Colleague: 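This is the structure I have questions about; it appears just below.
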Amino acid sequence: MTIRMVYFAWVRERVGVAEELVDPPATATTVAALVDWLAAESDRHAAAFADRGRLRAAVDQDFVAMEASIAGAREVALFPPVTGG
Amino acid sequence: MTIRMVYFAWVRERVGVAEELVDPPATATTVAALVDWLAAESDRHAAAFADRGRLRAAVDQDFVAMEASIAGAREVALFPPVTGG
Amino acid sequence: MIRIAVQRDAIDLPAEMTLAEAAGTGGIATFTGLVRADDGVETLELEHYPGATEAALHAVAAGAVARWSLSAATIVHRVGPMVPGDRIVFVAAAAAHRAAALEACAYLIDRLKTDAPFWKREVRDGDAAWVEARAADADAAGRWG
Amino acid sequence: MIRIAVQRDAIDLPAEMTLAEAAGTGGIATFTGLVRADDGVETLELEHYPGATEAALHAVAAGAVARWSLSAATIVHRVGPMVPGDRIVFVAAAAAHRAAALEACAYLIDRLKTDAPFWKREVRDGDAAWVEARAADADAAGRWG
């Protein structure tokens, strides 16, 4: 299953790209598992995701908890806590 | 002691004038006593002040209770509860 | 900066906002009251107590500036005849943080409703009637202690 | 009427007020956030999540319209580079009564702070730094349940 990853703010800067297509293993069934898999794949991802407590996620543009399922997901976004307004 | 009376809204309409100069007796020491004296002086004043509960006052442009003193007052205003904003 | 105006002219909202923003702080909360267009009123007339009105509005604004450390407080109130859709009143509170601006804005409009000597008369079908004071306004002002 | 805009252009406050007032109800409460001019920031950059941002803002506005029976809710948020004094955000709530407009306005700005995917980066002395989220913002949003 191919997923489009999108990154924002310092997560984007640390990963080094704004978007990428990834093919996680079937065992990565949650956002948290996807993050763990990506962190193991490259040092840049590992650095970007080092502080899991400051990481937030959206699946197909809906904000979700890290334990949320990614079954059927087409787009997963990772980013810091928001600071608009 | 001459006092300038000023009236607003339906109090003004019922009294029939916006302002007048009056010379209350020395025994009229409060706004309430002044109102009673004026009401006894003419039917128009009596009609304007008939519902004392809906009457509000200011002495020299400061809002006051009906029991407030008018000692030294130069201007006394009588009007309905305010409805601005 | 405190700005108080009681005027017969229409309220120039862009100009008032520019003045409030010139204080240069983080947030500006405003409230604008309009003559309601939905209840059959043809004209609304606002009478006031010249001199006493401005003093009362200044006291309300100064109270808000002191309580919330505002950088700017504005109260503009129109008097005379108006038609539905016209702005009756505009208040603004500018502060470094939004909670202060928002609370102070509510305070300004709540307080002026009970503390400033204005009286509204509505004309419907050619008949004029003075608007009755609302107990809810006294309650709203009372919550500020 | 719900109006949502996420734009690189400056926020045209008079035009936004005209739209909100066109709903024709009694009161309009607004909040405008400015880039602060007092803490050394030279430029502020706003990044967002296109698509998700608009959906999040629409959900915030729709929630306010339902909860307070608003006749209009507006959220306009700027993105891209800004300088001190620029308007970052403008929200407006129009309702028949002022308490509803004022509360809904506070809700709109509190909620968008936590629910909409925007990120601020400040440049001071040529150094850029991402702004940290404030716990106070989560608290402010949380009070609405």
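Below, read A as the first sequence line, B as the second, and so on, with proteins coming before strands; counting in each chain starts at 1. Just so you know, these numbers come straight off a predicted model, no measurement behind them.
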Colleague: Heavy atoms only: give me the nearest D/Thr25-C/Leu34 pair and the separation to one decimal.
Modeller: O-CD1, 3.4 Å

Colleague: So what's closer than 4.5 Å to chain C heavy atoms on D/Ala101: side chain, backbone, both or neither?
Modeller: side chain

Colleague: Do D/Thr30 and C/Thr32 have side chains that get closer than 4.5 Å, going by heavy atoms?
Modeller: no

Colleague: Working to the nearest 0.5 angstrom, can you tell me the gap between C/Leu102 CG and D/Ile109 CD1?
Modeller: 8.0 Å

Colleague: Which residues in residues 122-130 of chain D have a heavy atom less than 4.5 Å from any heavy atom of chain C?
Modeller: none

Colleague: Would you indicate whether the side-chain heavy atoms of C/Met17 and D/Met17 approach each other to under 4.5 Å?
Modeller: no

Colleague: Starting at CZ of D/Arg98, measure out to CG of C/Asp110 and round the result to the nearest 0.5 Å.
Modeller: 4.5 Å

Colleague: Does a side-chain heavy-atom distance below 4.5 Å link C/Ile28 with D/Phe31?
Modeller: no

Colleague: Go through C/Ala94, C/Ala96, C/Cys105 and name the one with the most non-hydrogen pairs under 4.5 angstrom from chain D.
Modeller: C/Ala96

Colleague: Counting only heavy atoms closer than 4.5 Å, note whether D/Ala99 contacts chain C via side chain, backbone, both or neither.
Modeller: neither

Colleague: Can you name the residues of residues 135-145 of chain D that have some heavy atom under 4.5 Å away from a heavy atom in chain C?
Modeller: D/Asp137, D/Ala140

Colleague: Mind ranking C/Pro84, C/Pro14, C/Gly33, C/Gly85 by heavy-atom pairs under 4.5 Å with chain D and telling me who comes out on top?
Modeller: C/Pro14

